[in-house]
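Sequence lines set the chain letters: A, B, ... in the order given, protein chains first and strands last, and positions in each chain run from 1. Just so we're clear, the structure is a prediction, and the values are computed from it rather than from any experiment.
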There are 4 protein chains.
Amino acid sequence: MHIGIVGLGKMGANMRTRLRAAGIEVTGYDQNPEVSDVPSLTALADALEDERRIVWVMVPAGDITRGVVEELAGILRAGDIVIDGGNSHYVDDAEHARVLAEHGIDYLDVGVSGGVWGLENGYGLMAGGDAAVVDVAMPVFDALRPEGPRDEGFVHAGDVGAGHYAKMVHNGIEYGLMQAYAEGYELLTAKDVVHDVTGTMKAWTRGTVVRSWLLELLVAALEEDPSLGSIDDFVADSGEGRWTVDEAIDNAVPLPVISAALFARFSSRQVQSPAMKAVAALRHQFGGHATKPSADG
Amino acid sequence: MHIGIVGLGKMGANMRTRLRAAGIEVTGYDQNPEVSDVPSLTALADALEDERRIVWVMVPAGDITRGVVEELAGILRAGDIVIDGGNSHYVDDAEHARVLAEHGIDYLDVGVSGGVWGLENGYGLMAGGDAAVVDVAMPVFDALRPEGPRDEGFVHAGDVGAGHYAKMVHNGIEYGLMQAYAEGYELLTAKDVVHDVTGTMKAWTRGTVVRSWLLELLVAALEEDPSLGSIDDFVADSGEGRWTVDEAIDNAVPLPVISAALFARFSSRQVQSPAMKAVAALRHQFGGHATKPSADG
Amino acid sequence: MHIGIVGLGKMGANMRTRLRAAGIEVTGYDQNPEVSDVPSLTALADALEDERRIVWVMVPAGDITRGVVEELAGILRAGDIVIDGGNSHYVDDAEHARVLAEHGIDYLDVGVSGGVWGLENGYGLMAGGDAAVVDVAMPVFDALRPEGPRDEGFVHAGDVGAGHYAKMVHNGIEYGLMQAYAEGYELLTAKDVVHDVTGTMKAWTRGTVVRSWLLELLVAALEEDPSLGSIDDFVADSGEGRWTVDEAIDNAVPLPVISAALFARFSSRQVQSPAMKAVAALRHQFGGHATKPSADG
Amino acid sequence: MHIGIVGLGKMGANMRTRLRAAGIEVTGYDQNPEVSDVPSLTALADALEDERRIVWVMVPAGDITRGVVEELAGILRAGDIVIDGGNSHYVDDAEHARVLAEHGIDYLDVGVSGGVWGLENGYGLMAGGDAAVVDVAMPVFDALRPEGPRDEGFVHAGDVGAGHYAKMVHNGIEYGLMQAYAEGYELLTAKDVVHDVTGTMKAWTRGTVVRSWLLELLVAALEEDPSLGSIDDFVADSGEGRWTVDEAIDNAVPLPVISAALFARFSSRQVQSPAMKAVAALRHQFGGHATKPSADG
């Protein structure tokens with residue numbers, strides 16, 4: 001088997017490495033000629049020799065993915081398969097599939113989890129699309145997913161869109177999990193009762209109900225920097241947490257924990273919260289409570 | 001009628017003024033001799049001539065209120081009435097009542113709302129204690145409460161503790177209301193659609209569903225400083241919001257809004273959030289996401 | 001002045017009444033011939049005699065409003081003014097304005113608050129659109145808004161869309177306020193400390209920090225039915241609360257209170273919560289905690 | 001080594017089994033003579049032969065644990081060690097230690113996690129108390145904890161109280177984690193995009209960022225009953241989630257996620273929510289919105 005990968009950033013390059021280690025030939029294309037195996041998407045397509053050529057797209061979601069899909073629609077031939085492994089919004093998948101279907105090209109959307117550790121551990125994969133197409137690509141999935149039973153690291157979740165929908169929800173859960181550990185960490189540090197906070201969280205990594213891979217990562221972070229003194233509390237958010245809450249609202253699903261985790265990230269990025277300024281102003285108005293003068297004004 | 005007030009801070013002094021304006025004689029005692037009418041609690045008691053002397057205590061909740069109550073227990077005589085108008089935790093009231101009852105002294109707990117505006121507008125009052133004792137003090141309540149029907153500014157809420165319980169819940173609600181307006185304010189300012197934010201909130205003060213006194217205060221604050229640029233987003237919290245959530249937890253009452261408002265205040269006071277540092281550290285561990293180096297380290 | 005109103009439901013019919021009482025002639029059109037003054041939109045337009053005819057649209061947001069706007073675009077003439085007073089999503093306003101502008105027809109979007117009480121009290125109004133067009137319609141706004149200074153019941157909030165944006169935020173705040181009072185009500189009833197819950201909330205209506213029109217309505221509801229025994233806890237939500245949270249997410253504004261209020265409504269409508277079934281199942285798995293067998297299965 | 005265990009419920013009995021399998025002699029006492037090895041606490045103490053006898057208390061927190069500790073204070077001798085392995089509130093530990101210290105008896109508090117799976121997998125352990133005393137009991141801890149490095153399943157977290165404080169925070173985190181997965185599960189089921197919900201969550205158990213033991217348990221539950229149709233959404237809560245939020249409030253730590261998870265449990269147990277009745281009543285008052293008549297009234 002010989003597939004193409006478009007996008008050789010951290011994720012794409014690691015996936016190329018893992019696939020090659022599993023005996024799958026990979027030709028990679030990237031805008032950056034220094035990391036690209038071929039000079040163009042056309043050259044990439046030409047390099048592939050399978051009857052049904054597979055091109056795995058691993059570029060930023062939104063306009064960039066859209067652009068690559070449209071370009072591939074003009075380059076590939078009927079029967080070829082495009083797989084979007086990026087973090088696309090699931091509503092984009094129908095359009096991607098439509099554009100490609102006009103040329104007889106099949107489309108799969110695949111949610112990929114595992115971050116930088118996927119190279120070594122394998123990636124959790126959630127695929128959406130036609131079952132027969134999934135079957136064609138299965139050797140790729142088997143090479144990328146972790147060792148162990150297939151169904152513990154791969155799922156054919158449903159039709160086109162299901163892979164990214166599943167990944168969206170996965171990431172929403174991730175927000176909630178991270179915030180839960182983080183709140184617990186803060187509470188451990190807030191009062192001088194537990195003297196060994198890092199050790200306590202490390203002791204949770206086996207046997208306890210809260211053991212998880214994320215907990216192991218947090219312990220690793222604390223072992224490097226027990227007070228997290230080198231890290232700012234500014235937390236970015238990718239689109240998927242937002243999409244998760246948007247989707248919940250559309251479907252009248254209460255999401256108190258995941259939304260709270262999302263909002264905590266928004267707050268973390270505010271130097272001054274306009275809302276809390278308003279609360280401070282209100283307290284001053286009715287109670288004559290002192291406000292803290294702004295450092296700015 | 002001639003009553004005593006202990007504690008002549010902002011609230012106590014204003015209440016003295018309002019009572020006197022209503023024709024009730026008031027002798028005030030404060031630790032600060034410059035504002036006190038008499039040199040001691042004993043002198044205060046001696047100044048009162050009613051058969052059942054009333055002493056209104058308006059000092060900080062907790063140990064200070066407890067101390068004043070205990071001192072009054074030794075000074076007053078059977079049939080006298082002590083009213084705690086401060087922001088005491090309702091669980092303290094049973095003990096206050098017990099200490100005084102040993103000397104035959106009656107006790108009322110009264111939640112008082114209205115802040116600095118109470119002097120002019122009158123204070124909303126919630127009383128706890130024996131109905132017959134409430135009746136004796138009714139002229140005081142009538143003088144302090146706003147004009148209008150008595151039941152729109154005063155309630156005998158229940159037995160000892162009910163007044164402060166009602167005030168605790170009142171303040172919990174207040175947290176939620178303030179945060180709701182504040183979030184709306186922030187959303188109005190977040191996107192350049194509504195050009196006149198102050199004017200919009202002012203237009204809400206008549207006719208709309210959200211009209212309220214708090215809204216009028218927020219408009220007043222915005223008219224003074226439309227961007228709230230002179231105010232820091234640091235928001236203190238008195239004990240009553242905390243007690244409200246504690247009480248809800250004890251009684252298995254879900255309080256998502258009031259607790260969120262309380263936590264928003266906690267967050268507003270953190271320069272760096274340990275929890276969000278932990279989330280940032282986690283993101284870095286699994287995804288190689290860049291963290292923002294701490295300004296400190 | 002003689003204006004047209006399209007849509008004579010509860011809101012539209014009341015507004016017609018209030019306008020007429022203020023000396024403005026109104027011709028109303030409704031699909032329901034029993035309440036309509038004229039048989040068609042064309043007849044409505046023909047009935048109006050002002051140089052710049054004003055048609056106030058008061059129909060359900062979304063497709064129905066869109067349809068009426070498009071129909072009016074074909075009926076009215078250049079210089080006429082269409083006002084959408086319904087609860088449209090502000091993103092629809094740009095399209096409405098565009099459709100009408102093709103025919104030289106002006107457009108204003110006006111958020112209207114006040115519910116069934118607006119007939120008597122007047123409506124809070126937030127307008128978006130061109131200032132010169134707002135001026136033409138000002139007699140209508142003055143008739144609809146509450147008595148008192150214009151700027152306490154009306155605002156020209158910004159360009160097209162600003163009126164509905166302001167109304168969206170207004171409704172989001174409303175969700176938070178209602179939930180805050182409701183949580184406080186529940187906490188008052190949860191423990192047998194405050195014996196007179198209705199009386200306590202009524203005593204808050206004057207003098208206190210939490211006094212508001214919503215509080216007065218809640219007291220009215222409690223006076224009718226102190227235990228609210230006749231009312232189910234099922235709470236619908238209109239689109240505006242959802243749009244508020246969606247908008248906050250788009251703009252990275254933390255909205256913990258308003259979102260919690262929205263989610264509480266979602267939860268109130270679930271007979272069984274799939275999420276809490278999952279939590280119950282989890283507890284059973286790890287702890288052998290008993291689950292309650294479903295009444296269904 | 002030969003230790004005593006007081007309380008042979010699910011946890012205590014399993015721990016006895018695991019300790020014996022590790023070569024530690026155990027004599028167990030339970031109020032229920034059918035499962036008890038000895039007829040009384042005195043008989044239990046007499047059965048132990050080590051110089052410093054260890055009695056592990058595994059009974060319900062609160063009064064029952066307190067009673068056992070007080071009884072043991074009268075039975076054991078100086079140098080003996082009482083270990084409270086139950087889910088006691090950490091504030092009780094100081095008192096337990098004091099009561100025992102009067103008789104020269106040492107005290108350790110140990111948080112134990114792992115549920116019914118601990119028998120096989122080992123228990124995560126967090127100990128509080130004097131280091132020298134911890135050392136004496138280390139063979140017990142080594143037998144109970146999971147295989148692997150000691151510091152991944154055991155921690156000496158701090159002085160008396162630290163073990164239960166750590167366990168309290170552990171359980172608070174657990175609430176948040178469970179709710180995050182549960183919300184994600186609900187969102188997967190809310191819309192017909194992901195056809196294979198169980199398979200999707202199973203595919204997350206390897207390689208993904210959200211993989212954890214709790215996730216594996218949820219998958220096991222879904223494999224037994226994919227729609228969770230046999231389970232009611234009623235979710236109990238033990239005290240530890242409540243203590244976690246109380247503790248956060250005392251220390252001004254924002255805990256939006258963990259508190260939301262706690263409140264979701266409270267809500268899950270309400271047949272009718274008084275708060276949401278109040279919101280429904282309010283909507284009816286201002287908007288004439290229909291309420292759903294209560295099934296009860």
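A/D232 places none of its side-chain heavy atoms less than 4.5 Å from the side chain of B/K277. Inter-residue side-chain proximity for A/Q179 and B/V279 is flagged as met; some heavy-atom pair is nearer than 4.5 Å. A heavy-atom distance below 4.5 Å is not found between the side chains of B/R269 and A/M276. Looking at A/F286 and B/M178, their side chains come closer than 4.5 Å, going by heavy atoms from C-beta outward. At a threshold of 4.5 Å between non-hydrogen side-chain atoms, the residues B/H284 and A/E224 do not count as touching.
Here the closest heavy-atom approach between residue A/T189 and residue B/P274 is recorded as OG1-CB, 4.4 Å. When all heavy atoms are compared, the tightest approach of A/A275 to B/A182 is O-CB, 3.1 Å. When all heavy atoms of A/A281 and B/L228 are compared, the pair lying nearest together is CB-CD2, 4.0 Å. The two residues B/A280 and A/I231 have their closest heavy-atom pair at CB-CG2, 3.8 Å.
Contact of B/A236 with chain A is made through backbone and side chain together, with heavy-atom distances under 4.5 Å. Heavy-atom distances place no part of B/S267 under 4.5 Å from chain A, backbone and side chain included.
Atom CH2 of B/W117 sits in a sparse spot, with 12 or fewer heavy atoms from other residues, nucleotides or ligands closer than 6.0 Å. Around the CD atom of A/E223, the shell of radius 6.0 Å holds more than 12 heavy atoms that belong to other residues, nucleotides or ligands. In B/W213, the CH2 atom is crowded: over 12 heavy atoms of neighbouring residues, nucleotides or ligands sit closer than 6.0 Å.
Atom-to-atom distance recorded for A/F234:CZ and B/Q272:CD is 11.5 Å, nearest 0.5 angstrom. In this structure, the separation between CG on B/D237 and CZ on A/R283 is 7.5 Å, given to the nearest 0.5 Å. Rounding to the nearest 0.5 Å places CD of B/E216 at 11.5 Å from CG of A/L282.
Residue with the most contacts toward chain A among B/P256, B/S227, B/A261, B/A221: B/A221 (heavy-atom pairs, distance under 4.5 Å). Between chain A and the residues B/E174, B/M11, B/E183, the largest count of heavy-atom pairs under 4.5 Å involves B/E174.
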